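Only one structure is covered here, and it is reproduced in the block below.
Just so it is clear, the structure is predicted and the values come from calculations on it, not from any experiment. Every heavy atom of this structure was used, including side-chain atoms; hydrogens, water molecules and symmetry mates were not.
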Amino acid sequence: MRLAENMTITQQTSTKQDILEYLLKQSQATAVELANFLDVSPQAIRRHLKDLETDDLVFYSVSAQPSMGRPQHVYHLSRTGRSHLQKSANRLNDGYGEFAISLLDTLAETVGRDQVKSILRKQWERKAQEYRERVGNGSLQERVAALIELRKQEGFMAEFHAVESDASGAERFIFVEHTCAISDVAESFPSVCGHELEMFAAILPDCTVERTHWQIHGEHRCGYLVEKS
């Protein structure tokens, strides 16, 4: 009986995590949409949503439904929910993250913020070289897929998909990071985000890389358009 109860709790935890991740990626959803996507009954989804709402991980807005003449609840990920997912995805524990920020702050006080920016740039250049060697020289899709796997290993919730080619017929992919393993550092030293864009361009030298979404600007993800030159 105890084993069955443990399995039930594990399944419920997994479903709640799936709900949070779906809201992170889609920004909003109704209970019915979540039920259809996760293949779980709407009643069970609503119970999970109620629990998540109690824990302040999600909240809902009321949207009119003209076809039925009654409102419906549209669920969103709360700031606490996003933080929860960020911590789950981040392989570095909070202590290491706080240490990194404290160290950078100390460096800024000692040698100045401009010098810290130079140090961070050097770090990203080294990271770009490491990534480029590990990504290899396959097709663009193979390299982007390899890059996604490397980012996942470092605590980023990342994915990519192909987009329709432009008039020139060049390959194009959207590369998205729903969580950022260095978000705390980026808040204190936003220049790291600029270096990250430069790093992706260095890893894929035969491509142009353009930022499409940016969490620092209040968007719910960071996104990049990768196009074969």
Heavy-atom check, side chain of Leu120 versus side chain of Leu104, under 4.5 Å: yes
Shortest non-hydrogen contact from Met157 toward Thr179: N-OG1, 2.9 Å
Residues which pass ring pair (Phe, Tyr, Trp, His ring centres under 6.0 Å) with Phe175, listed by chain and number, not counting sequence neighbours: Phe200, Tyr224
Cation over ring face, Arg126 and Trp124, 6.0 Å, 45°: no
Step-by-step side-chain contact (heavy atoms from CB on, under 4.5 Å) determination, Met199 to His195: CA-CA 6 Å; Met199 180 185 71; His195 297 325; over 6 Å; no
Leu77 side chain reached by Leu57 side chain, heavy atoms, under 4.5 Å: no
Summary of ring-ring contact (aromatic ring centres under 6.0 Å, His included) pairs that have at least one residue in residues 128-149, sequence neighbours excluded: none
Qualifying residues under side-chain contact (heavy atoms from CB on, under 4.5 Å), relative to Thr54, sequence neighbours excluded: none
From CD (Glu171) to CG (Leu140), nearest 0.5 Å: 5.0 Å
Set of ring pair (Phe, Tyr, Trp, His ring centres under 6.0 Å) partners for Phe59, sequence neighbours left out: His76
Any Leu204 side-chain heavy atom under 4.5 Å of Arg143 side chain: yes
Flag side-chain contact, heavy atom, 4.5 Å: Lys127 against Glu154: yes
Gap separating the CD atom of Glu53 from the OG atom of Ser78, nearest 0.5 angstrom: 10.0 Å
Electrostatic pair Glu177-Lys152, nearest N-O below 4.0 angstrom: no
Sub-4.5 Å side-chain heavy-atom contact between Arg79 and His84: no
Derivation of the side-chain contact (heavy atoms from CB on, under 4.5 Å) call for Leu107 and Gln115: CA-CA 8 Å; Leu107 282 172; Gln115 187 65 24; over 6 Å; no
Carboxylate-amine/guanidinium contact Arg134 Glu130, below 4.0 Å: yes
Student check: side-chain heavy atoms of Arg132 and Pro205 closer than 4.5 Å: yes
Co-members of Val163 in a cluster of I, L, V, M, F, W and Y side chains, linked at under 4.5 Å: Ile174, Val176, Leu225
Test salt bridge (charged side-chain N to carboxylate O under 4.0 Å, His left out) applied to Glu159 - qualifying residues, sequence neighbours left out: Lys25
OG1-CZ distance between Thr15 and Arg47, expressed to the nearest 0.5 angstrom: 10.5 Å
Residue list, salt bridge (charged side-chain N to carboxylate O under 4.0 Å, His left out) with Arg121, at least two apart or on another chain: Glu198
Under 3.5 Å, sequence neighbours excluded: what are the donor-acceptor pairs made by side chains of residues 36-44?
| residue | atom | partner | partner atom | Å |
| --- | --- | --- | --- | --- |
| Asn36 | ND2 | Val32 | O | 3.3 |
| Ser41 | OG | Ala44 | N | 3.2 |

Residue pair Gln72 / Val62, side-chain heavy-atom distance below 4.5 Å: no
Other residues, nucleotides, ligands: >12 heavy atoms within 6.0 Å of Gln141 CD: no
Pair Glu196-Arg151, salt bridge (Lys or Arg N to Asp or Glu O under 4.0 Å): steps then yes or no: CA-CA 12 Å; Glu196 186 176 63; Arg151 299 297 276 179; 2.3 Å; yes
For Glu33, all residues meeting salt bridge (charged side-chain N to carboxylate O under 4.0 Å, His left out), sequence neighbours excluded: none
Derivation and outcome, side-chain contact (heavy atoms from CB on, under 4.5 Å), residues His73 and Thr30: CA-CA 6 Å; His73 291 175; Thr30 64; over 6 Å; no
Which residues share a side-chain hydrogen bond (donor to acceptor under 3.5 Å, both in side chains) with Glu164, sequence neighbours left out: none
Residue list, salt bridge (charged side-chain N to carboxylate O under 4.0 Å, His left out) with Lys228, at least two apart or on another chain: Asp206
Members besides Val74 in its Ile/Leu/Val/Met/Phe/Trp/Tyr cluster (side-chain heavy atoms under 4.5 Å): none
